[in-house]
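A short worksheet on the structure shown next.
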Amino acid sequence: MKEIKHSRGINNDIYQDSLKIRKAVFVKEQQVPQNLEIDADEDLCTYFNIYLDGQVVATARFSPTADNGVHIQRVAVLSDFRQQHLGSELIKTIVQYARDHDYAYAILGAQDHAQAFYKNLGFKVIGEQYTEVGILHHDMKLNL
């Protein structure tokens, strides 16, 4: 059974489950230092997780921007569950949530290797390439 759950802030199981995925994908796989992966914005974010038969397998978060947008971050799927369209399902869920709550746009910093994934979801590259935690990125935006 598949279930998508969301919650705001850090005082809940959804946040703790999100951290498990982020540590596995970003800290272990991509070698992002944990002190950079877990940031000062943790408690300001809304977290979305996908559970398959009760096991958390994918996560993402967003924080509101000052100009009525959502900044999507920390999109991750456990390696054993990739290529099942869970990441796109998670992004679509967040985009629909943002639309339902009258946000104007969604923005994210996409790792360059993931640009095609986000383009397929309607995001467009904006701005110049930059490096974050040693990984090349471009900002991408979707007007809602």
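Just so it is clear, the values below take in all heavy atoms, side chains as well, and ignore hydrogens, waters and symmetry mates. The chain is numbered in sequence order, starting from 1.
- Judged by distance alone, with hydrogens and angles left aside, the side-chain atoms of Asn49 form no donor-acceptor pair with the main-chain N or O of Lys5 at under 3.5 Å.
- Going from atom CG of Asn11 over to atom CG of Asp43 covers 6.0 Å, rounded to the nearest 0.5 Å.
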Tabulate below the donor-acceptor pairs under 3.5 Å that side-chain atoms of residues 121-133 make, not counting sequence neighbours, or state none.
| unit_1 | atom_1 | unit_2 | atom_2 | d |
| --- | --- | --- | --- | --- |
| Gln129 | NE2 | Asp112 | OD2 | 2.3 |
| Tyr130 | OH | Asp139 | OD1 | 2.7 |

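- Listed by chain and residue number, nothing satisfies the ring-ring contact (aromatic ring centres under 6.0 Å, His included) test with Phe26 (two or more places apart in sequence, or in another chain).
- The stretch residues 69-96 participates, sequence neighbours left out, in no ring pair (Phe, Tyr, Trp, His ring centres under 6.0 Å) pair at all.
- Under the side chain to side chain donor-acceptor pair (under 3.5 Å) criterion, Ser18 pairs with Thr59, sequence neighbours left out.
- Under the salt bridge (Lys or Arg N to Asp or Glu O under 4.0 Å) criterion, Lys2 pairs with Glu89, not counting sequence neighbours.
- Judged by distance alone, the side chain of Asp41 and the main-chain N or O of Leu44 form no donor-acceptor pair under 3.5 Å.
- You'll find the ring centres of His6 and Tyr97 inside the 6.0 Å limit.
- Residues that satisfy the side chain to side chain donor-acceptor pair (under 3.5 Å) test with Gln73, not counting sequence neighbours, are Arg61.
- Here Thr65 pairs with Asp67, Tyr105 under the side chain to side chain donor-acceptor pair (under 3.5 Å) rule; sequence neighbours left out.
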(message) For Ile14 and Val56: C-alpha separation, side-chain torsions, deciding distance, then whether side-chain contact (heavy atoms from CB on, under 4.5 Å) applies.
(response) CA-CA 9 Å; Ile14 292 169; Val56 65; over 6 Å; no
(message) Pair Leu19, Ile21 - check side-chain contact (heavy atoms from CB on, under 4.5 Å), show working.
(response) CA-CA 5 Å; Leu19 281 183; Ile21 302 287; over 6 Å; no
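- With sequence neighbours left out, Asp13 forms a salt bridge (Lys or Arg N to Asp or Glu O under 4.0 Å) with no residue at all.
- Residue pairs meeting the salt bridge (Lys or Arg N to Asp or Glu O under 4.0 Å) criterion with at least one member in residues 93-102, sequence neighbours excluded, do not occur.
- Screening residues 18-29 for salt bridge (Lys or Arg N to Asp or Glu O under 4.0 Å), with sequence neighbours left out, gives Asp17-Lys20, Arg22-Glu37, Arg22-Glu42, Glu29-Arg82.
- Residues meeting the side chain to side chain donor-acceptor pair (under 3.5 Å) test with Thr46, sequence neighbours left out: none.
- Cluster note: Leu136 groups with no other residue, as no ILVMFWY side-chain heavy atom lies under 4.5 Å from it.
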